[in-house]
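Here is the structure we will look at.
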Amino acid sequence: MKESHQIANVDLVKQMNSAAVYSLIDQKGPISRIQISEQSQLAAASVTKITRLLLARGLIKEVEQQQSTGGRRATSIVAERQAFCTLLIQLGQQQVTFAIMDLSAKLIKKNQINLPHFTQIDGFEQHLITLIRDFLAKNHKKSIELIAIGITVSGFVDNKTQHIHSFGNFPLSTPWALAHTLETQFNLATFIGHDVRSLALAEHYFGATKDCDDSLLLRIHRGVGAGIVINHEVFSGHKNNVGEIGHIQVDPLGRRCLCGNVGCLETVVSNSAIENKMQQLLEDGYQSKWLSLDSHDIEAICKASNKQDAVATDLIEYAGVQIGRVLAMSVNMFNPEKIVISGEITQAQNILFPAIRKTLESHALPDFVKSTPLVASELKHEDIIGAFAIIKRALLDGHLLRRLIKV
Ligand SMILES: [Zn+2]
C-alpha cells in the first residue's frame, strides 16, 4: 500500500477541517458559523474553535449581517484579504518578473528584470536572491504582512518535493531546491509550480473556467503548453507533468524543435514561429498593407489579420488549423467542459477561433465538441497570477493555513 493511502493522522484531520472552514468563508462569505457547520458537516464546537484561531490570526473578520427574522443581528464571517500580501516570482532563464499581490489578487507592485547570462545554477540562484531582497526592500510595505512566496518556472517541477528537475539550458546534476532555499533565506512558506499548469489553476480560480469542474488551457507564448484541470485540480499525475501538447507533431517534415523532435505544434504556432513564418513570407514577396520586414511581431500580425489583411489572415488560419488538430486529440482524450486559449495570438480570435473550431469539428468526436465552448483567457497578460494561484491553493488545501495558524 502506498504512503498516500495510509489513514490520515490527527494533525492532517485538523488541517483538513481548518481548510474546509476557511474555504467556505473565502468562497461563500459572508457566512454564519451555523451555515459553515451545516455545509462542512463539522460539529458546531469545531467550527467555533477553528474560527477563533482564524480570527486571532486576522485571516477572517466578523461582519454584522441583515436583521434576522427573529430580530437578532446575525454575525457573519468574511475572509480578510487586504491585510496580507504575497511575493510572486515568474522565473525564466533570461527574465524574471516579481510582483506583490494582496489576498484579493490585487496587484500592488510588479517589476520585470532581464537576467544576465549564467552557466551554472548556483550563481544564478545567488543573483536571484539578491534581486528578491532589493525588490522587497523597495516595494514591500511593512503594514501589510507578507505571508508566502509563489514561484512559477518554465521547467519541470516535482510537486511533492518542490524540486525543479529541468530549467532552461542549465545542466542540473541534482534537482534544484530553489523553493527550499528561498524558504530558508526569507523565512516564508514557499510554493512552486510549472508556469502553464499554474496558469490553468489561476484561470480556474479567477478566470474563464471558474464555473467548470474540468477544463483545458492552451498557452501559446514563447513555447506552447497546456494545463488540464480535472475535478477542480490541476492534473499532474504520478510523474508530475502532464499537458505537453506543444510537442505533438503536426508537420513530419517540419522544423527541428527544442525537444529534439521535428514539426512539433510549438514549431508552428509559438509567437516566434509565427513571426518567423511571416518574415519568410514577406521576404518571398507576399504583399501586406500593414506588415513589413521591420514590423511583423505577433501583435502586428494579429492587428493586420483583424483588418482582413490576406497574408496575416492566412497565417492565423493556418495556425488555427494546427492548434485544432492537436486540441481534437486532447478533446477525445479528456472531453473538457471548456477550452481556454491564452496568449497574444488570441488578439486575432475572430480569425483564429473559427479555424480552430472548424478543425475540432472535423477531427474530434462530434458529441464531445459541440458542447465544449472555446474561449480566450480572461486573465489576459497577467501571467504572474499563476504564482498567486499556487499560494491560493495552499491556503485552500490547508498547507499554508497550517503554517499561519499552527494547527
Ligand atoms: Zn518539441
Side-chain angles (χ1 to χ4, degrees), residues 90-95 121 152-159 163-172 175-176 193-200 216-229 234-281 297-298 301 315-334 336 339-346 348 352 355-356 359-360 363-364 377 383 386:
Q90 187 194 355
L91 188 62
Q93 193 170 356
Q94 277 121 32
Q95 221 169 42
I121 207 73
T152 60
V153 294
S154 50
F156 292 144
V157 177
D158 182 322
N159 298 320
H163 289 164
I164 300 169
H165 282 256
S166 77
F167 180 65
N169 300 327
F170 284 111
L172 299 179
W176 183 23
H194 180 276
D195 53 1
V196 179
R197 260 63 98 189
S198 303
L199 215 50
L216 187 147
L217 174 129
L218 182 70
R219 171 72 175 156
I220 302 170
H221 188 56
R222 284 199 190 92
V224 175
I228 299 156
V229 173
V234 175
F235 178 45
S236 64
H238 181 74
K239 289 159 125 182
N240 284 302
N241 281 291
V242 178
E244 288 298 328
I245 63 179
H247 296 284
I248 291 177
Q249 191 186 59
V250 293
D251 182 1
L253 298 174
R255 289 180 42 226
R256 179 75 60 189
C257 180
L258 287 174
C259 73
N261 296 331
V262 293
C264 298
L265 180 66
E266 182 167 306
T267 66
V268 179
V269 307
S270 72
N271 288 354
S272 62
I274 289 178
E275 288 162 0
N276 292 341
K277 184 70 185 170
M278 181 54 79
Q279 165 126 6
Q280 191 194 325
L281 292 170
D297 67 9
I298 186 70
I301 295 169
L315 187 48
I316 295 290
E317 276 182 349
Y318 177 72
V321 170
Q322 304 310 323
I323 293 166
R325 288 175 62 186
V326 169
L327 281 180
M329 297 180 211
S330 312
V331 166
N332 282 350
M333 294 264 288
F334 294 105
I339 298 171
V340 183
I341 311 285
S342 157
E344 290 79 0
I345 197 172
T346 59
L352 182 73
I356 297 177
T359 313
L360 269 175
H363 286 68
S377 167
D383 282 7

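As the structure is a prediction and not an experimental result, all values here were calculated from the model. For ligands, and for the atoms within them, numbers begin at 1 and follow the listed sequence.
- Annotation: M329, atom CE; neighbour count of heavy atoms from other residues, nucleotides and ligands within 6.0 Å is above 12.
- Residue-and-atom listing of protein N/O/S atoms under 2.8 Å from the Zn ion (ligand 1), sorted by chain and number: H247 ND1, C257 SG, C259 SG, C264 SG.
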Checklist line | Derivation of the salt bridge (charged side-chain N to carboxylate O under 4.0 Å, His left out) call for E244 and R197 | finding: CA-CA 10 Å; E244 288 298 328; R197 260 63 98 189; 3.0 Å; yes
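- Between F156 and H194, the ring-plane angle classifies as parallel under the 30° and 60° cut-offs.
- Under the 3.5 Å distance criterion, the side-chain polar atoms of D158 are left unmatched by any main-chain donor or acceptor of H163.
- Taking CD1 from I323 and CG from L218, the interatomic distance works out to 6.0 Å, rounded to the nearest 0.5 Å.
- The line from CD of Q322 to OG1 of T267 is 9.5 Å long, rounded to the nearest 0.5 Å.
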